[in-house]
Structures are given as C-alpha cells and as structure tokens.
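Below is one structure, written out as structure tokens; comments come after it.
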Amino acid sequence: MAMIDRQVYRMTKAGSIRNLELRKESLESPGPDEVCVQVRAIGLNFADIFAMQGLYSATPSGSFIPGLEFAGEIVAVGEEAGDWQVGDRVMGATRFGGYVSHINSHHRYVLPLPENWSFEEGAGFLVQGLTAYYALTELGNLKPGMQVLIHSAAGGVGILANRICQKLGAYTIGTVGRPDKVDFLRKHEHYGDLILRDSDFYDKLMHSLHGRPLHLIMECIGGRILEQGWKALAPMGRMVVYGNASFSSHGSKPNYPRLFWKYLRRPKIDPLRLPTENKSLMGFNLIYLYEQTDMMHELLQGLQALQLAPQHVGHTFAFDDMHAAIRLFQQGKTVGKVVVTV
C-alpha cells in the first residue's frame, strides 16, 4: 500500500481545546504486525477533554492526536497481522491517535465488529465497556444481590455498568445531574432506582437503599458527592474511582482558580482509618490496561460473553463538526455515547 493522505485533528500542544486543528497528513503503510483502518466513527471520552486541556497525566508531551476508540473497515494488512483481511469491519482501541480518517493499529488492538452493530455503536463500546467491566468485576468483586451505586447513569460507562450489573444479578441505583435524563433511563435502561444529584443527595440515597447495605460505588464525580457516597458505603464495601467530572470545565481551557478551590476542598479519606471503617477505596485508569494486551483480551472475552445490547448512541456529529461535538460533550447534557462519523 502506498502512503495515504489522511485527515487528522491534531493538538499543537495541550492546554486549550482551541489548539485542536484539522489537518491533512500522510500515513505510511502499516507495519508487519499492523492493519490500516479507514475510520468510520470515533467515540468521545472524558479522557480526551482532560488530555486536550493538559489535565491528564498520560497526555503525550508536545503535539498529539487525541482519541481512544474508533470503528471502521480494514483497507490494508501487514504480512504478520494475523487473519485480518481487507474489508473486515472492526472496532479498535488506541492510546491516543483516534481523531483521524485512517489509522495504523497493531492487529491485537482491533476486534471484529459484531454483525448487527453499526460503526457508531462499535465506536462507543470498547473504552467504556472495558472501564465498566474492569471496575465492577475485577476491582469491585461484583456478586449477585449486591447494591451498586452508579454515578453519571446516563453516560456511556453508566449505561454499560448498569447492564453488566443486571446480567450478574445486582441491584443498581443510578444518579444523574439533570432531571431530563431520568425519563430516558426509566424508559430504556431499567435501573433499580434513580436519584438526582442535588443538595438532598445523601438523604435520597439512604431512602433508596431502604436499610440495605451499599456494597459498591462507581465513582466519577468527586467532591461532596464522593464524600457522601463514602459515608453511605457499608462495611466491606468498595468505592472505585475512575474519573472526576466535578473538575471538568465547560470552556476550552481549564478554570484554574475554580480547580484550585475544588482541589483544596476535596474530600480527604484517611488511610489510617480504613481498617476501622472496613471499606476499600480504589482508583484506576484504563490507559494503563493498554500495555497489558493479554489481560485486555481476557477482560474483553468476559465482557463479550455477557452479550450486552450495543451502546446507546445519543448524539452523532460529522467529522468537520468535531469542535461542536466536544462542546456538547463538555456540558454534561448528553445521554449515552457521543460519536463523530468520518
């Protein structure tokens, strides 16, 4: 295969989303163990926003292309790239580099797109599906009959986490920041209960638990909500922190005075008291799973064995409208997955 002219969204440097520019660049032929994918859909994730704003520890230094997941068709195959063939429909995960029209990927980081799934659904599954599955089953030790609190219940991770819990026989309490999301979730996602995260959050949570123990929290909000969840967590309960939405800003740059104020007021959990309280606090970042290819495939087999319905794609934007897609995603008004089509 000759070099391909491709379109990419490149960050000149992290710090402001305004530094994200659409460019034409050439892509070399795939390496021996790579496939070249013509990208048809790109999934947006909070990690993209934090990386572009320079708030993400794993962000590459200097110029980089954001994006962690994609779906598309294979257009070229390296000679040592397994059984892949030109024309195969795939979904893939990448450690940055996903905001593109074409991508070279190691053959183990793409998977067959299920036959009845669209490219958009494929682009919304891997990162958030793996996040939810790893947090719940590996770290959370999810068992039938558990009570599980899932924040951002209408987001991509929340929706898939709820479906995993249902498959494995756990009771879910979902939380949302906006009342207009409750109707959608009641109708489509069948949480055990739903709560609005407002000033009465703790009382609502205790009422919803109705005296039952809270075993597991999927925590991605931070601040006061994290503190109240920790207080409500039963002895031997586990809190898995995989994000900090309260630190995200709606502008192109981080609001540093506000961030600093929130940082100073963040909840402080004393490790010395953990044995007495008999609770576990865990954190993880999916980007580190990217280095553990065997483990990632093992988790994916477990996740795919559950045969979850495809991700709910709530919002679709054209490739040229990437900035509009990011703005909407930042505002917390979205339901399900935000996908950009190429």
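Hydrogens, waters and symmetry mates play no part in the numbers below; they use all other heavy atoms, side chains included.
- No side-chain heavy atom of V338 sits under 4.5 Å from any side-chain heavy atom of I326.
- When hydrophobic side chains of Ile, Leu, Val, Met, Phe, Trp and Tyr are connected at separations under 4.5 Å, V339 ends up clustered with V313.
- The pair D198-K204 meets the salt-bridge criterion, with a side-chain N (NZ, NE, NH1 or NH2) lying under 4.0 Å from an Asp/Glu carboxylate O.
- A salt bridge is defined here as a Lys NZ or Arg NE, NH1 or NH2 lying under 4.0 Å from an Asp or Glu carboxylate O, and R108 with D294 meets this definition.
- Residues that satisfy the side chain to side chain donor-acceptor pair (under 3.5 Å) test with T175, not counting sequence neighbours, are H151, R197.
- By the side chain to side chain donor-acceptor pair (under 3.5 Å) test, R23 is found to be paired with E21, residues two or more places apart in sequence or in another chain being considered.
- A salt bridge does not link E120 to K337: none of the charged side-chain nitrogens sits closer than 4.0 Å to a carboxylate oxygen.
- Not counting sequence neighbours, D88 has no partner by the side chain to side chain donor-acceptor pair (under 3.5 Å) test.
- Judged as a ring pair (Phe, Tyr, Trp, His ring centres under 6.0 Å), and not counting sequence neighbours, Y242 has no contacts.
- Between L160 and Y133 the shortest side-chain heavy-atom distance does not fall below 4.5 Å.
- Considering CG of L130 and CG of L68, their distance stands at 11.5 Å, rounded to 0.5 Å.
- Looking at Q311 and Q128, their side chains come closer than 4.5 Å, going by heavy atoms from C-beta outward.
- The closest side-chain donor-acceptor pair between N45 and E69 falls under 3.5 angstrom.
- L168 is listed as a side-chain neighbour of T137, based on a closest heavy-atom distance under 4.5 Å.
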D193 vs L209, side-chain contact (heavy atoms from CB on, under 4.5 Å): CA-CA, chis, key distance, verdict: CA-CA 9 Å; D193 198 8; L209 285 165; over 6 Å; no
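- The stretch residues 179-192 participates, sequence neighbours left out, in these side chain to side chain donor-acceptor pair (under 3.5 Å) pairs: R163-E189.
- Residue pairs meeting the side chain to side chain donor-acceptor pair (under 3.5 Å) criterion with at least one member in residues 141-150, sequence neighbours excluded: N141-K143.
- Judged as a ring pair (Phe, Tyr, Trp, His ring centres under 6.0 Å), the pairs with a partner in residues 278-311 (not counting sequence neighbours) are, in order, Y109-Y290, Y134-F284.
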Hey, can you pull the donor-acceptor pairs under 3.5 Å for the side chains in residues 4-16, sequence neighbours left out?
from, atom 1, to, atom 2, distance (Å)
R6, NH1, H102, O, 2.8
Y9, OH, F319, O, 2.7
R10, NE, E25, OE2, 2.7
R10, NH1, S63, OG, 3.0
R10, NH2, E25, OE1, 3.2
S16, OG, R18, N, 3.1

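- For the residue pair Y99 and D48, a side-chain donor N or O sits within less than 3.5 Å of a side-chain acceptor on the partner.
- Sorted by first and then second residue, the ring pair (Phe, Tyr, Trp, His ring centres under 6.0 Å) pairs involving residues 204-240 (not counting sequence neighbours) form an empty list.
- The salt bridge (charged side-chain N to carboxylate O under 4.0 Å, His left out) check on E80 picks up nothing, with sequence neighbours excluded.
- The side chain to side chain donor-acceptor pair (under 3.5 Å) search around Q228 returns R224, not counting sequence neighbours.
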